[in-house]
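First comes the structure, then the notes that go with it.
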Amino acid sequence: MRNVSTPASKSLSHRYCIAAALANGDSTLEHVLESRDLQQTRAILVSAGARFEVLGKDSQASAQWLVRGMRRPQGGDNAAHALSCDVHESGTTCRLLTAVLAAGQGWFRIHGAGRMHERPVGELTAALGQLGADIRHEARPDCPPLLLHADGLHPERVPGGNVELGMDASSQYFSGLLLAAPLCPAPLTLTLGGKKAVSWPYVGLTLQCLEDFGIAFSVERRPQPDAAWQPLADRAWRDIRQAVPGCVRVTVQPGSYRPGHHVIEGDWSGASYLLAAGAVGRHPVRVEGLRVDSLQGDRAMLDILRRMGARVDADETGVTVFPSALHGVQLDMGDCPDLVPTVAVLAGFAQGSTRIGNVAHLRLKESDRLHAPAEELRKTGVMVDELSDGLLIHGLAGRSFGLKAPVLPDEVSLCTHNDHRMAMSLSLLSLRDSAINMRERLDNPAVVDKSFPDFWQRWEQVR
């Protein structure tokens, strides 16, 4: 048995740092993820007026923080002196903070690195424009870098204080506006629009954060777009697992974020690689620090592993996965897209084919997360078909021509495509051969710092 602890939730660390920075007073946050993405979020919040003081380290990858709230972000006095907001390669930082900064005052220049200037935010900036923000895209239309002139957000400028916002490409547009909404002078209603809703569980995490910081909101649903709205009972929003466009809306009341003490829960996204290691490696793996009742969408890893035939034991303190014979399945992963690279590698070890669907938007992540896994898995003997909305992976287990699992030839190196999730998922390919040092086989093993800085140390614990 291999025992390992999970990192802190990246999604919740972003949200709780932002909420604490907007609070009226001092908050303490424990078990906050220490990663490159979180560094960018904190740096921007500090530049906009908040104070962050480290109180201690929980581990190499998590810390305790004292946060002195700023109430409202403050930017530069004019366009020439706009506050520089470097999101680097963090899409979460970019999307959440673009909305939050728009609820502040002054000038902000939001820019990044790598593929960030190719990742669209046009639907979000259009919604912010309806509410009074002045946004100018400086290069590629609808993408960063952008210049933002903020004078607060004003729901009274739109009929009924209602903004319709889609989730076809990202749930973070919706979450960003939810976080900004309490700073508005009037109630703001966000109605789910678009053609489909990907990653709805991340909106649940945002609502959890608002609730924990004392923000009042209500959630309404209806069975179809032309039906009457029905308010949900208190906290019943926690039971929403999927959302239908035109059938969900959230109204947030103006108010102050209430300072307090909060502990960030373990990260199901980061744990997914460790759990997968238990299924395809040589030893059972127990991952401590996971909440089985978590609202995190990547908790779906439990169900996916079980559907693929893995033996999984879960209790209140953690999850244990045992080496198992896996088989192919058909999966809709629209609500857990970050798991796709990991599940794609798992599928290579399975018998039969695995169809992953409803994730077309993955082509717009840090890498093209449909092409990148397909390209790397093909180097190990796995046949992969790229589809319009996903992948079809033909597993090697039970194949008559001799291959029983993906094989990494001595002369072959793997490309991370500058993507942290690619690096961590590809590590599964080393578990059947103790002689393989994956850090030496990957072109950029340090890319894991983006979300899981001590990944390689924890990986050695599960090998």
Side-chain angles (χ1 to χ4, degrees), residues 1-13 30-35 56-64 263-326 336 338-339 341-343 345-346 349 405 420-421 423-439 442 445-446 448-463:
M1 178 78 71
R2 301 291 193 257
N3 290 279
V4 63
S5 59
T6 186
S9 166
K10 182 166 80 82
S11 298
L12 287 171
S13 292
E30 289 189 37
H31 199 225
V32 178
L33 182 68
E34 292 294 288
S35 72
K57 288 278 190 177
D58 298 319
S59 69
Q60 178 184 335
S62 64
Q64 305 166 30
V263 180
I264 308 301
E265 67 180 71
D267 186 47
W268 278 93
S269 303
S272 66
Y273 316 103
L274 310 174
L275 296 171
V280 300
R282 295 169 294 165
H283 311 281
V285 174
R286 178 168 177 80
V287 183
E288 303 279 356
L290 291 171
R291 285 184 54 176
V292 294
D293 64 343
S294 173
L295 293 179
Q296 294 178 54
D298 287 349
R299 185 171 63 94
M301 193 66 186
L302 279 183
D303 179 58
I304 292 171
L305 284 167
R306 286 171 171 149
R307 288 183 60 187
M308 295 183 76
R311 176 186 166 192
V312 179
D313 292 345
D315 56 42
E316 293 181 356
T317 62
V319 178
T320 305
V321 182
F322 297 81
S324 306
L326 304 179
C336 52
D338 284 347
L339 297 179
T342 309
V343 174
V345 176
L346 275 178
F349 287 88
H420 57 130
R421 301 211 181 278
M424 292 184 281
S425 61
L426 291 173
S427 299
L428 295 166
L429 297 170
S430 68
L431 291 175
R432 298 284 178 91
D433 185 348
S434 59
I436 295 178
N437 183 334
M438 189 53 76
R439 274 181 284 187
L442 295 174
V448 300
D449 290 349
K450 187 178 193 318
S451 63
F452 198 158
D454 62 346
F455 172 78
W456 295 115
Q457 290 87 336
R458 300 198 199 204
W459 190 249
E460 287 304 314
Q461 294 177 250
V462 305
R463 282 177 56 83

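Just so you know, residue 1 is the first one in the sequence shown, and it goes up from there.
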Item to check | Those residues that, when tested against S269, pass side chain to side chain donor-acceptor pair (under 3.5 Å) (two or more places apart) | outcome: D298
Item to check | Those residues that, when tested against E34, pass salt bridge (charged side-chain N to carboxylate O under 4.0 Å, His left out) (two or more places apart) | outcome: R42, K57
Item to check | Test side chain to side chain contact (heavy atoms under 4.5 Å, CB included) applied to V462 and V287, step by step | outcome: CA-CA 10 Å; V462 305; V287 183; over 6 Å; no
Next on the checklist: Under the criterion side chain to side chain contact (heavy atoms under 4.5 Å, CB included), I'd like the reasoning laid out for M1 against T320: C-alpha separation, chi angles, the key distance, then a yes or no.
Outcome noted: CA-CA 9 Å; M1 178 78 71; T320 305; 3.8 Å; yes
Next on the checklist: Using the rule given for side chain to side chain contact (heavy atoms under 4.5 Å, CB included), can you reason through Q461 versus N3, listing the C-alpha separation, both sets of side-chain angles and the distance that settles it, and then say yes or no?
Outcome noted: CA-CA 7 Å; Q461 294 177 250; N3 290 279; over 6 Å; no
Next on the checklist: Tell me which pairs pass side chain to side chain donor-acceptor pair (under 3.5 Å) where either residue lies in residues 423-434, with sequence neighbours left out.
Outcome noted: S430-R463
Checklist outcome for this item: Taken in chain and number order and not counting sequence neighbours, the residues that satisfy salt bridge (charged side-chain N to carboxylate O under 4.0 Å, His left out) with D338 are R369, R421
Checklist entry - Can you list the residues that meet the side chain to side chain contact (heavy atoms under 4.5 Å, CB included) rule with P323, with sequence neighbours excluded? => result P284
Item to check | side chain to side chain contact (heavy atoms under 4.5 Å, CB included) involving S272 - partner list, sequence neighbours excluded | outcome: M301, L339, T342
Checklist entry - What distance do E316 atom CD and L290 atom CG have between them, rounded to the nearest 0.5 Å? => result 13.5 Å
Checklist entry - Atom CG of L346 and atom OH of Y273: how far apart are they, to the nearest 0.5 Å? => result 11.5 Å
Next on the checklist: How long is the straight-line distance from CG of D449 back to NE2 of H420, given to the nearest 0.5 Å?
Outcome noted: 11.0 Å
Checklist entry - Looking at residues at least two apart in the chain, or sitting in another chain, which of them share a side chain to side chain contact (heavy atoms under 4.5 Å, CB included) with R299? => result R241, W268, S294
Item to check | With F452 via ring-ring contact (aromatic ring centres under 6.0 Å, His included) - residues at least two apart | outcome: F455
Checklist entry - Which atom names give the shortest non-hydrogen contact between H31 and I264, and what distance separates them? => result ND1-O, 2.8 Å
Checklist entry - So which heavy atom on L33 is nearest to which on P453, and how close? => result CD1-CD, 4.4 Å
Checklist outcome for this item: Output for pair (R439 CZ, W459 CH2), nearest 0.5 Å, gives 12.0 Å
Next on the checklist: List the residues meeting side chain to side chain donor-acceptor pair (under 3.5 Å) with Q457, not counting sequence neighbours, and say none if there are none.
Outcome noted: Q60
Checklist entry - Which value, rounded to the nearest 0.5 Å, describes the distance between E265 atom CD and L295 atom CG? => result 7.5 Å
Next on the checklist: To the closest 0.5 Å, what do you measure between CD (E460) and CE (M438)?
Outcome noted: 11.5 Å
Checklist entry - Of all residues at least two apart in sequence or in a different chain, which pass the salt bridge (charged side-chain N to carboxylate O under 4.0 Å, His left out) check with D454? => result R458
Checklist outcome for this item: In terms of heavy-atom contacts, A277 and L428 come closest through N-CD2, 3.6 Å
Item to check | Pairing residues for K10 by the salt bridge (charged side-chain N to carboxylate O under 4.0 Å, His left out) criterion, not counting sequence neighbours | outcome: D37
Checklist entry - Between S451 and S35, what is the shortest heavy-atom contact and its length? => result CA-CB, 3.8 Å
Checklist outcome for this item: Sequence neighbours excluded, the answer for side chain to side chain donor-acceptor pair (under 3.5 Å) partners of Q64 is D58
Checklist entry - Which heavy atom of L12 sits nearest a heavy atom of Q296, and at what distance? => result CD1-NE2, 4.4 Å
Checklist outcome for this item: Looking only at heavy atoms, the pair that brings S324 and G309 closest together is CB-O, 3.7 Å
